[in-house]
Structures are given as structure tokens and as C-alpha cells.
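Values reported hereafter were calculated over all heavy atoms of this structure, with side chains retained and with hydrogens, waters and symmetry mates removed.
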Amino acid sequence: MKQKAGSGQRSPPGPQSLALPARPKTPKPHKIAVQDLRASLVQAQVEHLAADFPVIVMIAGFDAAGKGEVLQVLNEWLDPRHLETIAFNTPSDEERERPPFWRYWRHLPARGNIGIFMSAWNTVALAEEAFAKSRPKRFARAISHIANFEKMLVDDGALIVKVWLYLSRKTQRKRLLKLEQDPKTRWRVSPDDWKHNAAHDRLDALSRELMKATDQPGARWTVIDSEHPRTRDLAVGHAILSQLRQHLAHRAPAKKPAATASRATPVPLVALGRKLLEQVDLSKKLASTAYKARLHEDLGNFNRLAWEAERTARSIVFVFEGWDAAGKGGAIRRLISAVDPRFYGVVPIGKPTDEEKAHHYLWRFWRHLPRDGMVTVFDRSWYGRVLVERIEGFCTEPEWRRAFEEINEFERQLTEHGAILVKFWLHVSKAEQLKRFKAREAVAYKRHKINTEDWRNRDRWESYETCLGDMVSLTSTEFAPWHLIPANDKRHARAEVLRTACRTIETALDA
């Protein structure tokens with residue numbers, strides 16, 4: 001019998017109700033390439049976290065070459081938790097009032113991290129030179145500072161990946177026109193972009209000159225044709241990956257500071273270095289009456305000069321070094337008593353923190369540089385690298401040897417910017433130091449100033465004399481000379497510090 005409709009039996013489903021399985025799509029070659037590259041980049045980034053070096057990726061190139069697009073792609077491909085992106089625009093007032101490299105130093109990534117820099121030091125040097133009338137010396141000096149800066153970081157272990165995105169003048173013009181014609185993207189084109197397009201050939205020649213002079217191991221340039229965005233992005237990613245892998249493979253394991261210093265006296269680098277210390281006349285004294293008269297006069301003079309430096313936007317940087325118990329604290333207190341507290345700062349330098357040890361040793365000193373017109377006093381300084389760190393084995397021999405020129409470069413940049421740098425070494429005899437050590441132990445409120453480390457340093461007196469001779473000989477320059485102050489008599493030392501400060505500042509202001 002035929003079953004009636006609606007009796008409960010269902011008819012077989014028709015063709016239209018069948019859920020056919022979707023045909024799998026074949027991934028496109030570009031998508032596969034991106035997926036593979038992203039996986040490799042993240043894996044290399046994970047390995048880098050445990051490494052003892054930072055990575056600096058610099059994105060530079062012609063306008064409209066896609067620097068911003070590359071920046072977005074890298075932020076998408078890499079793990080953002082250990083990545084910092086810094087785009088340098090027109091310098092702020094705070095940045096202009098310090099040496100040009102200050103803003104780059106303060107953003108350097110810590111060891112194990114990656115920093116992506118856009119429109120950084122190379123871009124600024126090119127932009128300034130491209131439209132200068134004729135200042136080859138200035139451009140040569142900028143290139144020299146760039147090469148020295150990058151070498152300093154590379155010598156410390158950093159990897160610098162520098163990418164130049166190339167675009168022909170014709171293609172650049174075409175892209176600018178397209179952006180300008182679209183109301184949604186018109187804002188992205190500025191008069192400077194067209195100015196740069198008109199100067200394309202000059203920029204191209206200057207960029208080649210700069211890249212040739214600053215291409216060095218650990219800071220290589222990679223030039224990438226930016227005609228096709230997809231190809232460009234992959235090329236940038238592969239450049240970072242290949243250099244990072246190579247650096248990971250060849251980088252030595254992290255160094256550990258020596259547990260104990262060698263007892264051998266360091267070998268002097270400069271034969272006559274210690275003789276400079278022997279020439280300091282430690283017998284000089286100043287009577288109380290004469291001291292008070294000089295102090296009153298020199299404090300007034302220093303106050304006048306400090307205000308003149310503030311008016312003319314000249315910062316003053318004091319460096320105080322000296323033997324333990326040589327009287328640095330007392331000399332600093334007298335000096336700053338003549339300055340309005342709103343315009344000075346004292347930076348006491350002790351053992352580096354974990355954050356400071358994760359960066360180049362000069363990083364923590366760059367961060368404390370004063371604005372134009374301000375006064376900063378460093379109670380101990382970057383010279384610890386060639387003194388205590390050299391003697392105690394806290395850095396390797398190659399590190400302290402190259403520090404002499406690194407310090408000279410640092411101080412050269414300070415003074416080129418207009419800072420007045422005054423460096424003091426307070427010198428006492430070994431017998432006078434012993435007398436002061438015992439006096440500190442005998443007075444309850446001074447006892448905290450003396451510890452076992454001071455006594456241990458005293459045992460290495462000859463080693464310190466050798467290293468001091470090298471320090472003074474190799475870092476006393478025309479732009480930043482050392483002033484050796486006889487400090488066996490505290491009154492004489494304090495008066496001499498003030499008078500030398502006034503004389504140095506006045507000479508710099510007159511010049």
C-alpha cells in the first residue's frame with residue numbers, strides 16, 4: 001500500500017539540502033612565505049630573550065617608500081611584549097636643550113630586547129645636509145659621530161640592523177600624487193615631501209656617502225627596493241632574521257664579572273702617567289682668614305657666572321673624582337651653595353643597578369645630562385670604567401681599553417653642544433688618607449663614611465696610581481682637560497675648586 005502524505009515517513013532529501021564539503025583553498029605563495037617568516041622571526045626573538053645583547057632595527061629611506069607600513073608589519077609579525085617602537089619627530093624643547101644623541105641614548109633597548117627606530121640619527125643627518133648651502137665639514141662631523149656611536153654599541157655587543165628603503169624619483173612622485181588626490185590620504189603629503197622629491201638626486205648621493213662611511217660589522221646596511229610593498233616587507237623581515245640568527249650563533253655567552261680582582265699591579269699604558277700625579281704639590285695650605293676671604297669672593301663670582309650661563313643657555317657639567325676621603329663631598333657642598341637650588345642637581349654615582357647593567361655603561365650618564373642653562377654635578381662618574389672596573393676586574397680588558405676613546409667622544413659631543421665641562425681630581429697623599437680614615441672611625445656621625453671597601457681600595461693604592469696616570473694622560477683633552485687639585489689641606493682644595501671653576505666657566509663664556 002501507498003503511504004499517505006503526512007503519515008510520518010520522510011522523503012529522501014533533495015539535492016539542494018545536501019551540505020557539500022567545501023573545497024580546501026590552496027594557500028597563495030605569498031601567504032605561505034609570510035607565515036613561515038613570522039614563525040621564524042618569533043622563534044629567533046624567543047632565543048634572543050636569553051641573550052646578552054640588544055637589537056636595534058633602524059628603518060630609513062625615501063619618503064613614500066613605506067617606512068610607516070614596514071613599521072606596522074614588524075609590530076604585527078614580532079612579539080610586542082619585548083619590542084619597543086620609537087619614531088623620532090621634530091625635537092622637543094627638552095631634546096634640543098641637550099646634545100643631539102641624548103634622545104637616542106635614552107631610548108636604547110635593554111639586553112634581550114628589540115627596539116625599532118624610525119627617523120633616527122641617519123635620517124636627521126641627511127635631512128640637515130640635503131638642504132644646507134655648503135657645509136661639508138658639518139656633514140663629515142655628523143657621519144663621524146654616527147660611526148663612533150654605532151661602533152660603541154656594537155663593541156658592547158649590540159646588533160644594529162639598518163634598512164634603507166629605496167624608491168626612484170619617478171615612483172616616489174607617482175605615489176605622492178596618488179596620496180594627494182585621495183581626500184582620505186591627502187594629509188599624509190606635506191610640502192617637505194615634495195621638497196625632498198625635488199632633491200631626490202642629492203639625497204640619493206648623500207645617502208650613499210653616509211651608508212658607505214657607516215657600514216661596519218654588527219651595523220650593516222641593507223638596501224631594499226620598495227617598488228612592490230609585499231616584496232619589500234618580506235625583504236625587511238628576512239634581513240632582520242638572517243642578521244639576528246647570525247649574531248645569536250656567533251655571540252659569545254654572557255660575561256660574568258670576576259669574583260675577585262687580580263692582585264697584580266696594572267701595566268701602565270702611558271709611561272709618564274704617574275709622574276703627572278707626582279707633580280701635584282700636596283704641601284699647599286690656606287690659612288683660615290685667607291680662606292674665608294677667597295670663599296666669599298669666589299662664591300659671588302661663581303653665582304654671577306652661573307646666571308650668565310643660564311642666560312646664554314650654556315649648561316655646566318662638573319665631574320668630581322678623587323681618592324676616598326679626599327674631600328669631594330665638602331668641595332661639592334661649597335660649590336653648589338652659590339647656585340639657586342632650582343638650577344642645579346647632584347648625581348651621586350654608586351654601583352650600577354640591574355637596569356643600568358642591562359645597557360651600555362655610558363647609558364646611565366647620558367640620561368642625567370642637564371638641559372641648557374642648568375648645572376649638574378657628578379659625584380664620581382663615567383671614569384669608574386677605567387679605574388675601579390679596570391682594577392677590580394668588573395669589565396674585560398678590551399672594554400676598559402676602548403673606554404678611553406669612548407669617553408673622549410662622549411665629552412666631545414657635550415662640549416660641541418655648548419656644555420661647559422669641568423673635571424676635578426682631588427689628590428691626597430696615602431698618609432693623609434689614613435689619617436682621615438681613622439678620624440672617620442672615631443666620630444659616630446662620620447662612621448658611615450668608612451667601610452671595608454675603602455680599606456680594600458687603599459690596599460690597591462699602587463694600582464690606582466697606575467690607572468690614574470693613564471686616565472689623566474688619555475682623557476685630558478683640549479675641550480675637557482683635567483684639573484688636579486692638591487687636597488691634603490681641605491681649605492686650599494675647596495678654594496682651588498671654586499677658583500678653577502670660575503676661571504674655566506668665564507673662559508668658555510668669553511669664547
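- Ring-plane geometry between Trp121 and Tyr104 is classed as perpendicular, the angle between the planes exceeding 60 degrees on a 0 to 90 degree scale with a lower cut at 30.
- A pairwise comparison of heavy atoms in Arg342 and Met374 identifies O-CE, 3.4 Å as the closest pair.
- Ring geometry for Trp323 against His427 counts as tilted: the plane angle lies between 30° and 60°, on a 0 to 90° scale.
- Looking at His145 and Glu416, their side chains do bring a donor and an acceptor atom within 3.5 Å of each other.
- In the model, Glu409 has a side-chain atom that pairs as donor or acceptor with a side-chain atom of Gln413 under 3.5 Å.
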- Task: Would you sort out whether Leu305 and Ile316 count as a side chain to side chain contact (heavy atoms under 4.5 Å, CB included), showing the intermediate values?
- Result: CA-CA 10 Å; Leu305 291 168; Ile316 304 173; over 6 Å; no
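- Within the 3.5 Å criterion, the main-chain N or O of Ala51 finds no donor-acceptor partner in the side chain of Arg251.
- With a 4.5 Å cut-off on side-chain heavy atoms, Val375 and Glu310 do not count as touching.
- A tilted orientation is assigned to the rings of Phe53 and His48, their planes being inclined by 30° to 60°.
- For Glu69, the salt bridge (Lys or Arg N to Asp or Glu O under 4.0 Å) test picks out Arg232, with sequence neighbours left out.
- The closest donor-acceptor contact from the side chain of Lys162 to the backbone of Ala219 lies under 3.5 Å.
- The minimum heavy-atom distance between Trp400 and Arg385, with the atom names listed, is CB-O, 3.7 Å.
- Proximity of Pro370 to Val317: side-chain heavy atoms (C-beta onward) are separated by under 4.5 Å at one or more points.
- The salt bridge (charged side-chain N to carboxylate O under 4.0 Å, His left out) contacts involving residues 105-126 comprise Arg111-Asp156, where partners must be two or more places apart or lie in separate chains.
- Relative ring orientation between Phe318 and Phe320 is described as tilted, the plane-to-plane angle lying within the 30° to 60° band.
- Taking every heavy atom of both residues into account, Ala403 and Val386 meet most closely at CB-CG1, 3.9 Å.
- One side chain, Glu406 or Tyr361, offers a donor N or O that lies under 3.5 Å from an acceptor on the other.
- Formation of a donor-acceptor pair under 3.5 Å by the Arg274 side chain with backbone atoms of Gly469 is not found in this model.
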- Working for salt bridge (charged side-chain N to carboxylate O under 4.0 Å, His left out), residues Lys195 and Asp192: CA-CA 5 Å; Lys195 189 177 178 182; Asp192 281 346; 5.0 Å; no
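- Remark: Arg311 is not positioned above the aromatic ring of Trp307, lacking an NZ or CZ atom under 6.0 angstrom from the ring centre and at most 45 degrees off the axis.
- Checked by atom type and distance alone, the side chain of Arg38 pairs as donor or acceptor with a backbone atom of Glu76 at under 3.5 Å.
- In this structure, the side chains of Thr214 and Ile143 come closer than 4.5 Å at one or more pairs of heavy atoms.
- For Glu94, the CD atom sits in a packed shell: over 12 heavy atoms of surrounding residues, nucleotides or ligands are nearer than 6.0 Å.
- A salt bridge between Arg380 and Asp324 is present, with a side-chain N of the basic residue lying under 4.0 Å from a carboxylate O of the acidic one.
- Residues Leu299 and Ser337 are in side-chain contact: their nearest non-hydrogen atoms beyond the backbone lie under 4.5 Å apart.
- The number of heavy-atom neighbours closer than 6.0 Å to CZ of Arg208, taken from other residues, nucleotides and ligands shown, is 12 or below.
- Checked by atom type and distance alone, the side chain of His200 pairs as donor or acceptor with a backbone atom of Leu167 at under 3.5 Å.
- Proximity of a side-chain donor or acceptor of Asn457 to a complementary backbone N or O of Asp454 within less than 3.5 Å is not detected.
- Using a 4.5 Å cut-off on side-chain heavy atoms (C-beta onward), Ile391 and Cys467 make contact.
- The aromatic ring centres of Phe410 and Trp105 sit 6.0 Å or more apart.
- Here CZ of Arg499 is found 12.5 Å from OG1 of Thr504. Values are rounded to the nearest 0.5 Å.
- Proximity of a side-chain donor or acceptor of His359 to a complementary backbone N or O of Leu108 within less than 3.5 Å is detected.
- Annotation: side chain of Tyr344 is not in contact with side chain of Val377 (no heavy-atom distance under 4.5 Å).
- A 4.5 Å side-chain heavy-atom check between Asn113 and Pro54 finds every atom pair outside the cut-off.
- With hydrogens and angles disregarded, no donor-acceptor distance shorter than 3.5 Å links the side chain of Gln172 to the backbone of Ala64.
- Other residues, nucleotides and ligands contribute at most 12 non-hydrogen atoms within 6.0 Å of the NZ atom of Lys151.
- Between the side chain of Asn75 and the backbone N or O of Leu71 there is at least one donor-acceptor pair closer than 3.5 Å.
- Lys67 contributes a side-chain N or O that, together with a main-chain N or O of Phe62, makes up a donor-acceptor pair within less than 3.5 Å.
- Side-chain N/O atoms of Arg304 and Asn301 include a donor and acceptor closer than 3.5 Å.
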